[in-house]
Structures are given as structure tokens and as C-alpha cells.
Amino acid sequence: QMQLVESGGGLVQAGGSLRLSCAASERTSRAYAMGWFRQAPGKERDFVALITWSGSRTYYADSVKGRLTISRDNAKNTVTLQMNSLKPEDTAIYYCAAYLGSVVPELRDIDYWGQGTQVTVSS
């Protein structure tokens, strides 16, 4: 089964940048789309970004458009989230996700989740 491991979280000041990475295990023949969700304390887990298996299409939540960029390298089985112009409201645990689909997923659509990495943006 797929295993996802996130890294790159940390503490940054507002306006700063951070780069998250997600390493996916090999031994899968399925063409998984990869994405990122986040969950702030006391809030629901929300969609952040998605990239299709081929990398030809990306999707973003309105709140992060223009600031966050998702990319993937299938040869290395990794997906990244470059975060720029960070805001305090970006503070959350960020989860890597994989699913068999080509549209923005609902939580119930996700096939595999990573354990999450904490991102804290101070003001």
C-alpha cells in the first residue's frame, strides 16, 4: 500500500516562505493524483492544492492562489508545495494525500494520507 511522508514544516514569519515535501512509497502501478490538505486547530481539514498524475493540471483553493505552488516529480516519487507570502491564517498541520481521480477531491475520496507536518506562521 501507498505510504506518504511529509517534511519541511516549521516556524516562519508572516511574508516568509516555506517548502513542504511529500515522499511517496514505490511499488504502486496506479496513477494517483497528489494533493495537500491542511487543518488548523478547531477547524475542519480543508483542500489546499492538487496535481494530477501527469502534472498537466493543478488546482488550488482560492485562499492560496498566487502564493502556493504544487509540483511533482514522478521519477523521484515526490510532491512539493512551495509556499510564499505566508500569512498567519496559513498556520495548520499540512497533510499530503493521494487518490485515484482527476478532479478536486472530497475528504472521503482520499485513498492515502500522510501523517502531517506542522506549519506555523507568526505575525
Side-chain angles (χ1 to χ4, degrees):
Q1 59 181 353
M2 178 79 78
Q3 290 183 298
L4 306 174
V5 181
E6 304 96 333
S7 63
L11 174 64
V12 298
Q13 293 186 333
S17 298
L18 206 61
R19 181 182 174 89
L20 305 183
S21 296
C22 175
S25 64
E26 298 178 335
R27 304 184 185 280
T28 178
S29 61
R30 311 300 295 276
Y32 288 96
M34 303 292 294
W36 292 90
F37 286 71
R38 67 186 182 186
Q39 187 168 20
K43 297 184 178 180
E44 298 181 346
R45 189 172 299 187
D46 294 325
F47 168 77
V48 175
L50 177 81
I51 186 167
T52 58
W53 180 84
S54 68
S56 62
R57 297 178 181 177
T58 57
Y59 304 88
Y60 297 93
D62 289 340
S63 61
V64 305
K65 288 181 178 178
R67 300 189 300 113
L68 276 60
T69 302
I70 189 171
S71 62
R72 70 188 297 167
D73 185 340
N74 289 347
K76 297 181 179 179
N77 294 313
T78 59
V79 60
T80 63
L81 185 68
Q82 179 64 47
M83 303 187 293
N84 299 323
S85 301
L86 286 166
K87 304 175 180 179
E89 51 262 44
D90 293 318
T91 296
I93 298 176
Y94 284 70
Y95 297 91
C96 184
Y99 88 114
L100 291 170
S102 58
V103 298
V104 176
E106 300 290 340
L107 291 177
R108 62 179 180 273
D109 297 322
I110 301 301
D111 295 296
Y112 298 99
W113 291 99
Q115 292 300 116
T117 185
Q118 178 70 49
V119 171
T120 302
V121 183
S122 62
S123 60

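Numbers here simply count residues along the sequence, with the first being 1.
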Under the side chain to side chain contact (heavy atoms under 4.5 Å, CB included) criterion, do Ile51 and Val79 qualify, and how do the steps go?
-> CA-CA 9 Å; Ile51 186 167; Val79 60; 4.1 Å; yes

Take Met83 and Tyr94 through the side chain to side chain contact (heavy atoms under 4.5 Å, CB included) test and state the conclusion after the steps.
-> CA-CA 12 Å; Met83 303 187 293; Tyr94 284 70; 4.0 Å; yes

Do [X] and [Y] come close enough that some side-chain heavy atom pair is under 4.5 Å?
X      : Y      : value
Trp53  : Asn74  : yes
Leu100 : Asp111 : yes
Val119 : Leu20  : yes
Gln13  : Leu86  : no
Thr120 : Val12  : no
Ile70  : Tyr60  : yes
Val48  : Tyr59  : no

Sub-3.5 Å donor-acceptor pair from the side chain of [X] to the main-chain atoms of [Y], do we have one?
X      : Y      : answer
Gln3   : Ser25  : no
Thr117 : Ser7   : no
Ser17  : Asn84  : no
Glu6   : Gln115 : yes
Arg72  : Thr52  : yes

Taking all heavy atoms of [X] and all of [Y], pick out the closest pair and write down the distance.
X      : Y      : value
Ala98  : Ile110 : O-CG2, 3.7 Å
Gly10  : Leu18  : N-CD2, 3.8 Å
Ser123 : Pro88  : CB-CG, 3.9 Å
Thr78  : Ala23  : CG2-CA, 4.4 Å

Within residues 78-101 or reaching into it, pairs that qualify as salt bridge (Lys or Arg N to Asp or Glu O under 4.0 Å) - sequence neighbours excluded |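 Sorted result for residues 78-101: Arg38-Asp90, Arg67-Asp90.
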
Are the aromatic rings of Trp36 and Phe47 close, with centres under 6.0 Å apart?
->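 Aromatic pair excluded; centres sit 6.0 Å or further apart.
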
Arg19 CZ to Leu68 CG distance, which is reported to the nearest 0.5 Å =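 Atom-to-atom, Arg19:CZ and Leu68:CG are 12.0 Å apart.
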
Interatomic distance, Gln39 atom CD to Leu107 atom CG [nearest 0.5 angstrom] |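 Between atom CD of Gln39 and atom CG of Leu107 there are 8.5 Å.
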
Given Ser71 and Thr80, is the side chain to side chain donor-acceptor pair (under 3.5 Å) satisfied, shown in steps?
-> CA-CA 5 Å; Ser71 62; Thr80 63; 2.6 Å; yes

Pairs in or reaching into residues 93-123: which pass disulfide (SG to SG under 2.5 Å), with residues at least two apart or in two chains?
-> Cys22-Cys96

Using the side chain to side chain contact (heavy atoms under 4.5 Å, CB included) rule, take Leu4 and Tyr95 through it: C-alpha gap first, then chi angles, then the decisive distance, then the call.
-> CA-CA 9 Å; Leu4 306 174; Tyr95 297 91; over 6 Å; no

